[in-house]
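Given the structure is predicted, the values throughout are model-derived calculations rather than measurements. When a residue number appears, it is its place in the shown sequence, counting from 1.
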Amino acid sequence: MEKNKLHIYSAIVVALVTVCYHNALQCGFVFDDISAIKDNKDLRPSSPLSNLLWNDFWGTPMHKEGSHKSYRPICVLSFRINYGLGELDPMGYHLVNIILHAVVSVMFLKVCTLFFNDTTSFIASLLFALHPIHTEAVTGVVGRAELLASIFVLQAFKSYIETTGKDQPIDWFHLVMTMMFVSLATMCKEQGITVVGVCCVYEVFIAQKLSCFDLLQNARLWLSGKVPFPGALKLSFYRILFLALGTFLLLAVRLKIMGSTLPVFTNFDNPASQAQFPARHLTYWYLLPINAWLLLCPSKLCCDWTMGTIPLVESVYDPRNLATVLFILVLGSLVLYAVFNSNHLSRQVIMCLSFLVLPFIPASNLFFPVGFVVAERILYMPSMGFCMLVALAFQLVNEKFGAKRHVFAVISLLLIAYGSKTFMRNYDWKSEYTLFESGIKVNTQNAKLWNNVGHALESEERHEEALQYFLQASRVQPDDTGAWINVGRAYKNMQDYEKAEEAYRHAITLMPTVVPGKMYTTRIAPSYLNAYINLANLIKNNNTRLEEADTLFQRVLTMRPDLTTAHINRGDVLLRLNRSFEAEQSFRTALEHDQDNADIHYNLGVIYLDRGELREAFQYFNKALELNPDHIQALFNTAVTMQESRNPGLRTEATRRLKKVLAQDPHNAKAFFNLAALAMDSGETDQAEMLFKKALEVLPFMILNTSLEC
């Protein structure tokens, strides 16, 4: 492609991406964005940069059982840069994603020109730029993993092309650069490693222009000793061997960082993973045409396809198996044509298939179970091969039938439909409520979606409405422990404590059976053990039931001795039972499992403060503030202690901390009162009078109590 034409085509692609995705700038953080960005401490400047190398995508240490094992430090680094520039302003994060998608689209255009004519390459890049399946990867901020990985995947492929060719010596520089880009892609998203397979396919079928027949014939002649091993193939073998060894080393390092363990998923995340033969295998194969249909006709998109969205295919007589058979026949025909022919068209088809099939393999469930049934964002890379195939099909129709106008009309309509769908789909990602409501319109049998709409309403304190969604979730999936925990919490928020307790106890009856000798493993969120913890926290409000609450916490700890929240909450109960030393031991045990938990340090500080050991108390309070500079209770208690010390040198710092409390809680009367006391100590009577009045204005009927909180 001529350079001027390439620039024009690239500009058009970027312009269309801008038009279709500019409304994504209005969207907030939703779904997985909350855990990966808002709640991820690794984004904060106070967190050591080295944590990115040892923690997963969500900020959990990779060696921990609760880790999702998603190792994507480069993606997290990009989030951290975003945070450094604009903290938690979602517009900056969305802007970067849109720019990255435009970059990928232009790079994809350049790769297409290696195999197709200019027009076909342009059509493929337009289809890719506008495809609605990409909204989850582009408009959902966590989809940046796919975007960054795709950039390095395409760059790795382009670098490999420089190192190979018919009878071409090995270009070691570009070969090493290829593995470097593969490593970077894998550190963005696990799918990135599959580009090695794409490079191997290119090496054999494109660079060396071989077919399967050629490979078999060469192998037969060489094994029979009739001909020596061909020199050109020997170079290809060395290149492929280098890629294989590099990939093996990369996998070994990754496995080492993971702690040599795989993530744990529940049967709700991927129901087929818990099913027996033949339901498990039939369902996994049926998911292949489901994904293909989403690429072909992305009319019904959903942010979550887990739980009961796709019922298990439990019998060979299930009519859905026909879709599986049809998919296998079509894909198999394309594969057979591509690998057993050696012409220009077969080489084009095989590159389309390699970009379509190989990046999808890690998410296919065919070799190992993953934590989802279908996920739209993992189709971002495979869609490259799909767009190539569609563009190639249009080219063939035009060449065979000479229907240029008709082909142009169909392509135009398809692009308009894709672009319109993408633009409208972006609005679904505006908030958690709009996102999950849109999901329910597609998947009514997914309890997770009903729960998530309830969570969105709950965050707006619309508890009665939230309760109805939680109840619907429990009806859709009666054995969903998390749904009943949500029902209990909703009743608690509505101050219907009797029904809340009833719901929590019902959730406990749904708990998985304890297997002797094995850890009581559950998914991070929702944690089934929250049924015990929430019930204990509910009944501990009644001082006559503190012992019962302690018993519940102990029961949780027999199942999961490393559950930090159980140790923390039990410590609180023990303090109220005046068992201070047992409470201290409970908090210290929690600290062994989570040294970076600010609440644990704070609670230990409270214990020492109650004992009058101010020096030790301050050490723990300040450690809590080091871990969480906005820890409101630590800020308040240290400020009050400074104020009560009557040390003039501490007044400025005490004032600063109380103002930070008010920045988080503008209606905190105790903070105003203590600021007034500090003003009095400094002789600023007018300021003190104003602050006293503000305290009474904020909470006029409360007898102000400046005693320290616990």
Side-chain angles (χ1 to χ4, degrees), residues 14 17-18 21-22 24-62 67-108 129 134-156 177 180-195 250 253-254 257 359 375-378 380-381 426 429:
V14 171
V17 168
T18 304
Y21 282 100
H22 77 274
L25 297 175
Q26 306 169 21
C27 299
F29 294 123
V30 296
F31 206 9
D32 290 340
D33 298 347
I34 306 299
S35 300
I37 297 170
K38 294 187 72 173
D39 298 338
N40 192 344
K41 293 181 181 178
D42 287 346
L43 271 61
R44 278 54 174 177
S46 57
S47 176
L49 194 62
S50 59
N51 281 5
L52 272 61
L53 297 175
W54 307 110
N55 294 351
D56 66 15
F57 191 50
W58 319 98
T60 305
M62 289 287 288
S67 171
H68 200 274
K69 310 300 183 185
S70 302
Y71 186 66
R72 303 163 190 171
I74 293 179
C75 186
V76 179
L77 176 62
S78 75
F79 290 152
R80 183 163 174 143
I81 294 171
N82 257 129
Y83 186 90
L85 295 174
E87 295 193 348
L88 292 177
D89 180 5
M91 181 179 288
Y93 295 81
H94 287 295
L95 178 61
V96 171
N97 274 26
I98 295 170
I99 293 172
L100 290 175
H101 179 55
V103 171
V104 175
S105 300
V106 172
M107 291 181 71
F108 177 62
H134 297 158
T135 50
E136 183 170 340
V138 181
T139 312
V141 177
V142 294
R144 186 177 301 178
E146 275 75 15
L147 305 176
L148 287 171
S150 296
I151 289 175
F152 291 122
V153 160
L154 293 173
Q155 192 58 47
M177 291 299 294
M180 186 192 76
F181 288 125
V182 171
S183 301
L184 292 173
T186 308
M187 293 171 73
C188 295
K189 179 77 174 186
E190 294 75 9
Q191 283 175 294
I193 202 167
T194 60
V195 71
L250 189 59
V253 172
R254 172 65 188 273
I257 294 173
E376 291 165 12
R377 65 173 174 262
I378 64 97
Y380 187 82
M381 270 189 265
N426 290 333
W429 289 82

Once you round to the nearest 0.5 Å, how far does CD1 of Ile34 lie from CG of Asp39?
7.0 Å
Side chain to side chain contact (heavy atoms under 4.5 Å, CB included) with Asp32: which residues, sequence neighbours excluded?
Trp58, Val142, Arg377
State the OH-CG distance between Tyr21 and Asn426, to the nearest 0.5 angstrom.
6.0 Å
Are the aromatic ring centres of Tyr83 and Tyr93 under 6.0 angstrom apart?
no
Are the side chains of Asp56 and Tyr71 in touch, meaning some heavy atoms are under 4.5 Å apart?
no
Heavy atoms, side chains only, cut-off 4.5 Å: are Val96 and Ile99 in contact?
no
When every non-hydrogen atom of Ala145 is compared with those of Lys189, the smallest separation belongs to O-CB, 3.6 Å
So which atom in Val17 and which in Ala129 form the shortest heavy-atom distance, rounded to 0.1 Å?
CG2-CB, 3.7 Å
Taking the six-membered ring for Trp, are His101 and Tyr380 closer than 6.0 Å centroid to centroid?
yes
Take Asn51 and Ser47 through the test side-chain hydrogen bond (donor to acceptor under 3.5 Å, both in side chains) and record every step on the way to the result.
CA-CA 7 Å; Asn51 281 5; Ser47 176; 3.2 Å; yes
Closer than 3.5 angstrom, by distance alone: can the side chain of Asp33 be matched with the main-chain N or O of Phe29 as a donor-acceptor pair?
no
Separation between CD1 of Ile378 and CD of Glu146, rounded to the nearest 0.5 Å
8.0 Å
Lys69 side-chain N/O to Met62 backbone N/O, donor-acceptor pair under 3.5 Å
yes
Between Thr186 and Gly192 the two heavy atoms that sit nearest each other are OG1-C, 3.9 Å
What closest approach, in Å, do Asn55 and Pro61 show between heavy atoms, and which atom pair accounts for it?
OD1-CA, 3.3 Å
Heavy-atom nearest pair, Leu147 first then Asn97, reads CD1-O, 3.4 Å
Give a yes or no answer on whether the side chain of His94 reaches the backbone of Thr139 with a donor-acceptor pair at less than 3.5 Å.
yes
Here the gap from Glu376 atom CD to His134 atom NE2, rounded to the nearest 0.5 Å, amounts to 11.0 Å
Would you give the length of the straight line joining atom CZ of Phe31 to atom CD of Glu136, rounded to the nearest 0.5 angstrom?
7.5 Å
Acceptor/donor pairs from residues 72-79 side chains to any protein atom, 3.5 angstrom cut, sequence neighbours excluded:
from: Arg72; atom 1: NE; to: Glu190; atom 2: OE1; distance (Å): 3.2
from: Arg72; atom 1: NH2; to: Glu190; atom 2: OE1; distance (Å): 3.0
from: Ser78; atom 1: OG; to: Cys75; atom 2: O; distance (Å): 2.6
from: Ser78; atom 1: OG; to: Arg144; atom 2: NH1; distance (Å): 3.2

Expected output: side-chain Asn82 to main-chain Glu87 donor-acceptor under 3.5 Å
no
